[in-house]
Structure formats: structure tokens, C-alpha cells
> 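Pasting a structure here, questions to come.
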Amino acid sequence: SGAQLPHAGLALGPRAKKWLVHGRIGAGDVVALYGEPGVGKSVLATDLALGVATGAPWFGRKVGKGAVLYFALERLSVTERRFAVLQRDLNLEAVPIALSNSGLDLASNGVDADKIIAAAKTLTTEIGHPLRLIVLDTLSRAIAGQDENSASAISRVAANLSKIAWETGATVLVLHHSAKATGELRGSSALLGAIDCAIRLRRLRQYHVAAIEKSNDTAEGVEFVFSLKAVEIAFDRDTGEPETTVVVVPMEASGISNSSHRISARAENMLGVIQEMATAEGANRRDVLAAGRDRGHFSRNKNSSSEQLRQ
């Protein structure tokens, strides 16, 4: 006879989804925030981290309050200054956020994943708050120089991220770059296939738009729109100029599905394609739409590119 599978007495009724950001980012999910360099990924991640640590609404949405473990693997000092400014401006005495720049390798094996899990449990005990969010800033610094295009390496990364989320119960937010040619997640598609939620960040004129491109439990196309504001950290007596950093300023009514805004973003992107191809002999409507698809300016759904432009 065949092997008997264990039976845990699972309740088959529906269970309410648990959220980090209600209705938008799930608790215990693996989430990728990606975009081109310098678009504001770290700024948005620190803003979310502070919202979680304080329990303050994020883009008008209720947040699961708790501790944050933030791996600032690229610019620890910049991240420290940004948190310090936010803490100062909000008159906060202390927030349950732990920063680290310890080197990580999540692409080789599960050793560093186990270290993160152990650190998370220690942090929860020491701070006395449940751990809600783990940030890895950035993925490229958490794979010890291994090939992002390797499906096997990225599959190991994805497995480790899922393990961390499962063992800690925290949402794991991974910051990553987008591919220049398409605007999609850079590297192997194994990452996109394994994560629960993908949020693409891009610039639109004077604003920054973070759009949910993939999600298991919420509507795709939801956008968080914000601008960046320079704030003074301190006055540098040597240079005679202030030291500054930037913080997030959410647009009113952001964090909702805004089809008219998506149209303006797509239209602006396609206008750039048209301008680039204007001098190309024989470039027609079909060529322009194909170029737009190649650059990721259209959603991956059943509607054709032409239909999406008309929506």
C-alpha cells in the first residue's frame, strides 16, 4: 500500500486574509519593489517601514503595527539619516526598527536565511513587538555576486525568501532593479513566478508612481502616487550649506485604483516611443505598439495593446 499522508484536521472554511497594508500588501507575503536606479525605491521602503513601526496609516490604509528588520546593504548611512529625519520630524522618541548591513548570500544555500530567521526571533524577544516587516535593500547585494539571470540561483533565492516569510510571519520586501529594455524585473523570471506581489516604481513627470503589477490577493493596477521632498538634516559649518535627504509626500487619494492616472502614464510612455521612432523610415502603428510591448508599457493581461490604449 502507498504511504499515508499526515492529516492535520484542516478547517476548510474561508479564512480572513491578514494584511501588512490593509487590502494592498499581505502579511507574511514576499513582495518585490522594483524600478530603475534612483527612482526612489529605498525612500519608499523606509517610509513604509516607519509606518509599520509606528502603526500610522500608509497612503490612507491601515497598517499592521510591529517591529521592522531593515537590511540596508547598499547605503547604510543614508538609510540611517533618513530614518533619523523622519523620527525627528514626527517627534518620535524611539521606534522598533533594527538596521543591518551584514553581507548576505541567499543564492547559494539556506545558511543566511537561517541567520535572518534567528535574528528576527531575537529582535522580537528583545524589542517586545511582533516582527511585521523585513526589508532587503537590495536583492543584488543579497546574492553575493551570483548571476541574476540564473534560474537555479534565483530559484534558491525565492525559496529562501519564502522560508524567511514562513518562519517569521513577517512580510519580506525585496528591492530590485528593473531591466533597461523592458522595465520588468531584472534577471531570471523565476523571481516573478515565486513572489506573492510585485510593485513597479517609476517616475511620471514630477511624481513617482508605485503600481501593483502582480498580486495574489488584491487588484492589479492599484497605484501609490507620491512626490519626494528634500528636508534638512543639519547645517554643515565647513561647507556653509545644509545637509539634506528626501522623504515621501503622498498624493491625496493615492493607494486606490486610478484608471485615468494609468492612462496618462501609459500615454506619456508611448509618446516617448513615438518620438524616438518618428525618424525611423516605415515605422507604423503596429511597430509603435510592438515597441511599447517590448518596453513593458502595457499590462500583461488578455486585452490587446490597442484596447488598453482606448480604456
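Residues: numbered from 1 along the sequence shown. As a basis for the values below, the full set of heavy atoms in this structure was taken, side chains included, without hydrogen atoms, waters or symmetry mates.
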> Taking the side chain as everything from C-beta on, heavy atoms only, tell me whether Leu86 gets closer than 4.5 Å to Val95.
no

> So Trp19 and Arg61, side-chain contact (heavy atoms from CB on, under 4.5 Å) or not? Walk me through it.
CA-CA 10 Å; Trp19 299 98; Arg61 291 270 166 174; over 6 Å; no

> With rounding to the nearest 0.5 Å, note down the distance linking CG in Asp196 to NZ in Lys214.
7.0 Å

> Can you tell me if Lys17 has over 12 outside heavy atoms packed within less than 6.0 Å of its NZ?
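Atom NZ in Lys17 is packed in, count exceeds 12.
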
> Nearest 0.5 Å please: distance from the CG atom of Leu104 over to the CG atom of Leu139.
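Between atom CG of Leu104 and atom CG of Leu139 there are 10.5 Å.
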
> Same hydrophobic cluster for Val30 and Trp166, using side-chain heavy-atom links shorter than 4.5 Å among ILVMFWY?
no

> Does atom NE2 of His22 have more than 12 heavy-atom neighbours, drawn from other residues, nucleotides or ligands, at distances under 6.0 Å?
no

> Does anything in residues 83-109 form a side chain to side chain donor-acceptor pair (under 3.5 Å)? List the pairs, not counting sequence neighbours.
Ser100-Ser102, Asp105-Ser108, Ser108-Gln146

> Test of understanding: with side chain to side chain contact (heavy atoms under 4.5 Å, CB included), list the residues that count as partners of Asn160, not counting sequence neighbours.
Leu106, Ala113

> Run the side chain to side chain contact (heavy atoms under 4.5 Å, CB included) test against Val248 and tell me which residues pass, sequence neighbours left out.
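Partners of Val248 by the side chain to side chain contact (heavy atoms under 4.5 Å, CB included) criterion, ordered by chain and then number, come out as Val43, Leu44, Asp47, Phe59, Phe226, Leu228, Pro250.
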
> For Lys115, check side chain to side chain contact (heavy atoms under 4.5 Å, CB included) against everything at least two apart and list the hits.
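Residues passing side chain to side chain contact (heavy atoms under 4.5 Å, CB included) with Lys115: Val111, Asp112.
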
> Quick one: ring-ring contact (aromatic ring centres under 6.0 Å, His included) partners of Phe71, sequence neighbours excluded?
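Scan of Phe71 (ring-ring contact (aromatic ring centres under 6.0 Å, His included), adjacent residues dropped) gives none.
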
> State the CD1-OH distance between Ile134 and Tyr70, to the nearest 0.5 angstrom.
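Going from the CD1 atom of Ile134 to the OH atom of Tyr70 covers 13.5 Å.
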
> Does the distance from a Lys or Arg side-chain N to an Asp or Glu carboxylate O, for Asp114 and Lys163, drop under 4.0 Å?
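Looking at Asp114 and Lys163, the cut-off is met.
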
> To the closest 0.5 Å, what do you measure between NE2 (His177) and NZ (Lys41)?
5.0 Å

> List the atom pairs, donor and acceptor, that lie under 3.5 Å between side-chain atoms in residues 117-130 and the rest of the protein, sequence neighbours left out.
{"unit_1": "Thr122", "atom_1": "OG1", "unit_2": "Ala118", "atom_2": "O", "d": "3.0"}
{"unit_1": "Thr124", "atom_1": "OG1", "unit_2": "Ala120", "atom_2": "O", "d": "3.0"}
{"unit_1": "Thr125", "atom_1": "OG1", "unit_2": "Lys121", "atom_2": "O", "d": "3.1"}

> Could you tell me whether the side chain of Ile195 reaches within less than 4.5 Å of the side chain of Val31, counting heavy atoms only?
no

> How long is the straight-line distance from OG1 of Thr171 back to CG of Leu133, given to the nearest 0.5 Å?
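Rounded to the nearest 0.5 Å, the CG-OG1 separation comes out at 6.5 Å.
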
> Within this structure, what is the OG1-CD1 distance for the pair Thr218 and Ile25, rounded to the nearest 0.5 Å?
9.5 Å

